[in-house]
Amino acid sequence: MKKIILIIITVFFISCNYKRDKLKIRNNSKIEIGFIPLMIRKSDNSYQEIAIGGIIKQGDLSYAILQKTGSLNKEISEKISSESLDKKLYLVFYPSKVTKKIHQMSGGEMITNPNFKIQKISINELNKMNWEVVYDGQAR
(Lines give C-alpha, C1' and ligand atoms only; values in the text may rest on other atoms or scores of the structure.)
Protein backbone atom coordinates (compact mmCIF):
# COMPACT_ATOMS: atom_id res chain seq x y z
CA MET A 1 0.00 0.00 0.00
CA LYS A 2 2.84 2.42 0.86
CA LYS A 3 4.44 1.75 -2.53
CA ILE A 4 1.22 2.59 -4.36
CA ILE A 5 0.85 5.87 -2.47
CA LEU A 6 4.50 6.70 -3.18
CA ILE A 7 4.02 5.96 -6.89
CA ILE A 8 0.90 8.14 -7.06
CA ILE A 9 2.68 11.05 -5.34
CA THR A 10 5.70 10.69 -7.63
CA VAL A 11 3.54 10.66 -10.78
CA PHE A 12 1.68 13.73 -9.55
CA PHE A 13 4.88 15.75 -9.04
CA ILE A 14 6.47 14.59 -12.29
CA SER A 15 3.38 15.52 -14.31
CA CYS A 16 3.03 18.97 -12.70
CA ASN A 17 3.01 21.65 -15.42
CA TYR A 18 4.43 24.49 -13.34
CA LYS A 19 7.80 25.49 -11.91
CA ARG A 20 9.10 28.42 -9.87
CA ASP A 21 11.05 31.23 -11.44
CA LYS A 22 13.88 32.84 -9.48
CA LEU A 23 11.84 36.07 -9.14
CA LYS A 24 10.62 36.47 -5.56
CA ILE A 25 8.27 39.14 -4.29
CA ARG A 26 8.18 40.08 -0.60
CA ASN A 27 5.11 41.98 0.59
CA ASN A 28 6.09 44.54 3.24
CA SER A 29 2.94 46.60 2.73
CA LYS A 30 0.03 46.79 5.14
CA ILE A 31 -2.41 44.89 2.86
CA GLU A 32 -2.68 41.63 0.97
CA ILE A 33 -1.58 42.25 -2.64
CA GLY A 34 -1.49 40.58 -6.00
CA PHE A 35 1.26 40.89 -8.60
CA ILE A 36 1.66 40.22 -12.31
CA PRO A 37 5.02 40.30 -14.17
CA LEU A 38 4.90 41.96 -17.61
CA MET A 39 7.30 43.10 -20.33
CA ILE A 40 6.96 45.19 -23.48
CA ARG A 41 7.12 42.76 -26.38
CA LYS A 42 9.52 43.74 -29.21
CA SER A 43 7.38 42.26 -31.95
CA ASP A 44 4.32 44.47 -31.46
CA ASN A 45 5.20 46.99 -28.71
CA SER A 46 2.48 45.61 -26.38
CA TYR A 47 2.59 44.55 -22.75
CA GLN A 48 2.73 40.79 -22.29
CA GLU A 49 2.38 38.68 -19.15
CA ILE A 50 5.62 36.70 -18.87
CA ALA A 51 4.91 34.55 -15.82
CA ILE A 52 2.09 33.74 -13.46
CA GLY A 53 1.91 36.15 -10.54
CA GLY A 54 0.00 35.55 -7.38
CA ILE A 55 -1.51 36.81 -4.16
CA ILE A 56 0.79 37.60 -1.22
CA LYS A 57 -0.34 38.12 2.35
CA GLN A 58 1.19 40.94 4.39
CA GLY A 59 4.74 39.98 5.39
CA ASP A 60 4.88 36.91 3.11
CA LEU A 61 7.08 35.95 0.15
CA SER A 62 5.92 34.51 -3.18
CA TYR A 63 7.58 33.37 -6.39
CA ALA A 64 6.58 34.01 -9.99
CA ILE A 65 5.46 30.75 -11.57
CA LEU A 66 6.39 29.45 -15.02
CA GLN A 67 4.58 26.84 -17.08
CA LYS A 68 6.65 23.91 -18.26
CA THR A 69 5.07 24.25 -21.71
CA GLY A 70 3.47 27.03 -23.70
CA SER A 71 4.16 30.76 -23.80
CA LEU A 72 5.13 31.10 -20.12
CA ASN A 73 7.81 28.40 -20.07
CA LYS A 74 11.00 30.48 -20.37
CA GLU A 75 12.66 32.01 -17.33
CA ILE A 76 11.82 35.67 -16.88
CA SER A 77 15.44 36.75 -17.38
CA GLU A 78 15.69 34.82 -20.65
CA LYS A 79 12.39 36.15 -21.94
CA ILE A 80 13.30 39.78 -21.14
CA SER A 81 16.76 39.43 -22.69
CA SER A 82 15.48 37.97 -25.95
CA GLU A 83 11.96 39.35 -26.44
CA SER A 84 11.62 42.63 -24.52
CA LEU A 85 11.69 45.99 -26.29
CA ASP A 86 13.32 47.89 -23.40
CA LYS A 87 14.87 44.95 -21.47
CA LYS A 88 12.79 45.76 -18.36
CA LEU A 89 10.46 43.83 -16.10
CA TYR A 90 7.22 45.59 -15.19
CA LEU A 91 5.66 44.39 -11.95
CA VAL A 92 2.01 45.33 -11.53
CA PHE A 93 0.90 45.36 -7.89
CA TYR A 94 -2.78 45.55 -7.01
CA PRO A 95 -5.05 45.06 -3.99
CA SER A 96 -6.02 41.38 -3.84
CA LYS A 97 -9.72 42.25 -3.71
CA VAL A 98 -9.63 43.17 -7.45
CA THR A 99 -8.14 39.85 -8.60
CA LYS A 100 -11.19 38.85 -10.67
CA LYS A 101 -11.23 42.23 -12.41
CA ILE A 102 -7.50 42.27 -13.25
CA HIS A 103 -7.64 39.02 -15.19
CA GLN A 104 -10.05 40.65 -17.62
CA MET A 105 -7.65 43.54 -18.33
CA SER A 106 -4.91 43.82 -20.94
CA GLY A 107 -1.34 44.58 -19.90
CA GLY A 108 -1.69 48.14 -21.19
CA GLU A 109 -4.81 48.68 -19.09
CA MET A 110 -2.98 47.39 -15.99
CA ILE A 111 -0.02 49.71 -16.55
CA THR A 112 -2.17 52.82 -16.98
CA ASN A 113 -4.61 52.09 -14.14
CA PRO A 114 -3.98 54.72 -11.43
CA ASN A 115 -5.11 52.28 -8.71
CA PHE A 116 -2.28 49.87 -9.43
CA LYS A 117 1.37 50.32 -8.46
CA ILE A 118 4.00 49.68 -11.13
CA GLN A 119 7.64 48.85 -10.57
CA LYS A 120 9.94 48.89 -13.63
CA ILE A 121 13.21 46.99 -13.10
CA SER A 122 16.15 46.09 -15.36
CA ILE A 123 17.89 42.70 -15.37
CA ASN A 124 21.00 44.33 -13.83
CA GLU A 125 18.92 45.76 -10.98
CA LEU A 126 17.27 42.37 -10.43
CA ASN A 127 20.66 40.68 -10.31
CA LYS A 128 21.87 43.18 -7.69
CA MET A 129 18.73 42.44 -5.63
CA ASN A 130 19.30 38.69 -6.02
CA TRP A 131 15.92 38.59 -7.81
CA GLU A 132 14.02 39.50 -4.63
CA VAL A 133 11.75 42.53 -5.02
CA VAL A 134 10.38 44.06 -1.83
CA TYR A 135 7.01 45.77 -2.18
CA ASP A 136 6.23 48.34 0.49
CA GLY A 137 3.21 49.99 -1.12
CA GLN A 138 5.18 52.89 -2.68
CA ALA A 139 5.93 51.71 -6.24
CA ARG A 140 4.95 53.76 -9.34
Side-chain angles (χ1 to χ4, degrees):
M1 184 65 178
K2 286 183 181 181
K3 287 183 180 181
I4 292 173
I5 292 173
L6 184 59
I7 290 171
I8 291 170
I9 291 171
T10 304
V11 168
F12 173 76
F13 283 109
I14 290 173
S15 64
C16 183
N17 288 327
Y18 301 98
K19 62 182 178 179
R20 274 189 196 173
D21 189 73
K22 61 186 171 186
L23 175 65
K24 307 176 281 252
I25 310 293
R26 183 171 302 281
N27 180 7
N28 283 352
S29 73
K30 294 180 172 43
I31 62 168
E32 183 177 82
I33 60 162
F35 76 96
I36 295 179
L38 304 173
M39 73 172 188
I40 301 175
R41 195 171 30 199
K42 254 193 258 189
S43 61
D44 62 1
N45 203 23
S46 68
Y47 289 94
Q48 175 189 18
E49 190 172 342
I50 56 174
I52 300 168
I55 303 296
I56 314 170
K57 292 181 180 179
Q58 180 183 357
D60 276 357
L61 176 77
S62 183
Y63 288 83
I65 303 295
L66 305 170
Q67 293 178 342
K68 287 187 178 177
T69 59
S71 64
L72 301 177
N73 67 336
K74 289 183 184 176
E75 285 191 8
I76 289 174
S77 59
E78 181 183 347
K79 199 144 179 121
I80 290 172
S81 295
S82 64
E83 299 174 34
S84 170
L85 180 68
D86 62 357
K87 307 293 186 222
K88 303 248 192 256
L89 170 68
Y90 291 78
L91 288 170
V92 178
F93 296 102
Y94 57 92
S96 63
K97 63 185 176 193
V98 299
T99 299
K100 284 184 182 179
K101 194 182 294 184
I102 198 162
H103 291 293
Q104 298 167 356
M105 300 172 80
S106 70
E109 290 171 318
M110 290 179 210
I111 292 289
T112 58
N113 189 315
N115 298 315
F116 300 161
K117 308 282 186 185
I118 311 302
Q119 202 163 353
K120 183 167 93 171
I121 312 166
S122 71
I123 296 290
N124 287 338
E125 292 169 314
L126 286 164
N127 286 332
K128 288 177 188 172
M129 296 186 286
N130 199 26
W131 285 81
E132 182 171 333
V133 176
V134 177
Y135 176 75
D136 61 6
Q138 302 302 313
R140 191 31 109 169

If I take atom [atom1] from residue [X] and atom [atom2] from residue [Y], how far apart are they, to the nearest 0.5 angstrom?
| X | Y | atom1 | atom2 | answer |
| --- | --- | --- | --- | --- |
| Asp136 | Arg26 | CG | CZ | 13.0 Å |
| Phe35 | Ile25 | CZ | CD1 | 5.0 Å |
| Leu89 | Lys120 | CG | NZ | 11.5 Å |
| Ile52 | Ser62 | CD1 | OG | 11.0 Å |
| Gln48 | Ser43 | CD | OG | 7.5 Å |
| Asn28 | Ile33 | CG | CD1 | 9.5 Å |

Indicate the atoms forming the closest heavy-atom contact of [X] with [Y], along with that distance.
| X | Y | result |
| --- | --- | --- |
| Met110 | Ile102 | CE-O, 3.7 Å |
| Ser46 | Asp44 | OG-OD1, 2.7 Å |
| Met129 | Ile121 | CE-CG2, 3.6 Å |
| Ala51 | Ile76 | CB-CD1, 3.8 Å |

Task: Sequence-distant partners of Ser122, side-chain hydrogen bond (donor to acceptor under 3.5 Å, both in side chains), two or more places apart - done: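 Counting only residues at least two positions away or on another chain, Ser122 forms a side-chain hydrogen bond (donor to acceptor under 3.5 Å, both in side chains) with Glu125.
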Are any side-chain N or O atoms of [X] and backbone N or O atoms of [Y], one a donor and one an acceptor, separated by less than 3.5 Å?
| X | Y | value |
| --- | --- | --- |
| Lys42 | Ser82 | yes |
| Asn130 | Glu132 | no |
| Thr99 | Ser96 | yes |
| Asn124 | Lys128 | no |

Given side chains that start at C-beta, do those of [X] and [Y] come closer than 4.5 Å, heavy atoms only?
| X | Y | answer |
| --- | --- | --- |
| Ile118 | Asn113 | no |
| Glu83 | Ile50 | no |
| Leu66 | Glu75 | yes |
| Ile123 | Trp131 | yes |
| Glu49 | Ile36 | yes |

Open item on the list: Working note: Tyr94 + Ile55, criterion side-chain contact (heavy atoms from CB on, under 4.5 Å); need CA distance, chi angles, decisive distance, verdict.
Closed with: CA-CA 9 Å; Tyr94 57 92; Ile55 303 296; 4.1 Å; yes
Task: Stepwise side-chain contact (heavy atoms from CB on, under 4.5 Å) check, Met105 with Phe116 - done: CA-CA 12 Å; Met105 300 172 80; Phe116 300 161; 3.8 Å; yes
- [ ] Fit a plane to each ring of Phe93 and Tyr135, take the angle between them on a 0 to 90° scale, and name the class: parallel (under 30°), tilted (30 to 60°) or perpendicular (over 60°).
- [x]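 If you compare the ring of Phe93 with that of Tyr135, the planes turn out parallel.
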Task: Listed partners of Ser84 passing side chain to side chain contact (heavy atoms under 4.5 Å, CB included), at least two apart - done: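 Here the qualifying residues are Met39, Ile80, Asp86.
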TODO: Just do the side-chain contact (heavy atoms from CB on, under 4.5 Å) check on Leu61 and Ile56 with the steps written out, would you?
DONE: CA-CA 7 Å; Leu61 176 77; Ile56 314 170; 6.0 Å; no
Task: Single-linkage hydrophobic cluster Leu85~Ile111, side-chain heavy atoms < 4.5 angstrom - done: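 Yes, it is one cluster - the side chains of Leu85 and Ile111 are joined through contacts under 4.5 Å.
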- [ ] Applying side-chain contact (heavy atoms from CB on, under 4.5 Å), run through Lys88 and Ile40 and close with a yes or a no.
- [x] CA-CA 8 Å; Lys88 303 248 192 256; Ile40 301 175; over 6 Å; no
